[in-house]
Engineer: 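Here's a structure for you.
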There are 2 protein chains.
Amino acid sequence: MAILPNMNEVSARPNRQYIAEQARIFKALGHPSRLLMVQALRDGEKCVCDLQALIGADMSTVSRHLAVLREAGVVRSEKRGTNIYYALALSCLATFLQCTGTLIAERIRQKSALLEHDQDAT
Amino acid sequence: MAILPNMNEVSARPNRQYIAEQARIFKALGHPSRLLMVQALRDGEKCVCDLQALIGADMSTVSRHLAVLREAGVVRSEKRGTNIYYALALSCLATFLQCTGTLIAERIRQKSALLEHDQDAT
DNA sequence: TTCATATTTGGCAAAATAGCCATGCTTTAC
DNA sequence: GTAAAGCATGGCTATTTTGCCAAATATGAA
């Protein structure tokens, strides 16, 4: 029998492959264009053309970004007719986006307030 | 009054700064060494020396990684005596790590099974 | 003060990433 | 069959990231 990763062991002391895969997910999400596409996919699947319109970059660029997301397992793609439709494949992502979103909004708010204060002082 | 980001607007149609900040968080987490440190910090704060022992890279490398995490707002640091202690600053991260962890463990399990199957066939 | 310890920062070379253009592939329309 | 539409991929350059060494900084001990 092959050496299978033990769930408990994984949780306690993650092995290299496990960490690498998880980092891959974060890395895939760590680009504005890719994150924007993922945000959009929360509303439902979209074809590459839709996502290209959203990003406004070359089709080839969008396609590569989608490949990164797909290979990380963040999205999945399905071909129907002449189009390829992408959809979210990481259900728990929405919650996390919501949470960080709230935090970031708060941080941006505070930073704006700080800038305003500095302007008042000068 | 300064233009403050509106929460509703942010949720519906994220602006550039918002997306960039959120992507920054993911990017920071998208490196095996940084992710490993963050995983370790779930157990509580640690000094840089602890984290260096965990990663096994040069101290300067670890310090740089920590700076990336700190600037993204994933961790915060506090100086006490001659040490600097790092702690998680993104509470909702633990849940997401748990969720993706389960998913990844399952994927790795399936891939292992596939490899084993291929070996049986050859 | 001087020394040792803990951490950050400057600087550099190697590696990875991003984005564009041109090209190739696949499916539908004609 | 040919043409067109929708995506992916090869290939290239510019930029960014990574990781090390050396040097700077800060803090506590002697």
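Residue numbers begin at 1 in each chain, while the letters A, B, ... track the order of the sequences. Values in this document were obtained by computation on a predicted structure and should not be read as measured data.
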Engineer: For residues E106(B) and Q110(B), is any side-chain donor paired with an opposing acceptor at under 3.5 Å?
Structural biologist: yes
Engineer: Remember a base hit wins even if backbone is also touched, and classify Y85(B) as base, sugar-phosphate or nothing at under 4.0 Å, heavy atoms.
Structural biologist: nothing
Engineer: Would you kindly compare R64(A) and T82(A) by the position of their nearest DNA chain D nucleotide and give the one closer to the 5′ end?
Structural biologist: T82(A)
Engineer: Of all the nucleotides listed (dT9(D), dA6(C), dG19(C)), which has the minimum atom distance to the side chain of N83(B)?
Structural biologist: dA6(C)
Engineer: What is the ring orientation for F96(A) with F96(B), classed by angle as parallel under 30°, tilted 30 to 60°, or perpendicular over 60°?
Structural biologist: parallel
Engineer: Considering every strand and a 4.0 Å limit on heavy-atom distances, what is the contact class for R80(B): base, sugar-phosphate, or nothing?
Structural biologist: nothing
Engineer: Does R76(B) count as lying over the ring of Y86(B), i.e. NZ or CZ under 6.0 Å from the six-ring centre, within 45 degrees of the axis?
Structural biologist: no
Engineer: Quick one: which of dC21(D), dA18(C), dG6(D) gets closest to the side chain of H31(A)?
Structural biologist: dA18(C)
Engineer: Look at the side chain of A57(B) and decide which nucleotide, out of dT8(C), dA8(D), dC20(D), has an atom nearest to it.
Structural biologist: dC20(D)
Engineer: When you group the ILVMFWY residues by side-chain heavy-atom contacts below 4.5 Å and let the links chain together, are V68(A) and M59(A) in the same group?
Structural biologist: no
Engineer: Hey, which of these two, K79(A) or C49(B), hits DNA chain C nearer its 5' end, going by closest nucleotide?
Structural biologist: C49(B)
Engineer: Nearest to the side chain of K27(B), heavy atoms from C-beta on, is which of dG19(D), dT8(C), dT16(D)?
Structural biologist: dT16(D)
Engineer: Counting only distance, no hydrogens or angles, is the base of dC21(D) paired donor-acceptor with the side chain of S60(B) under 3.5 Å?
Structural biologist: yes
Engineer: E78(A) has an atom CD; how far is it from atom P of dG6(D), in whole Å?
Structural biologist: 18 Å
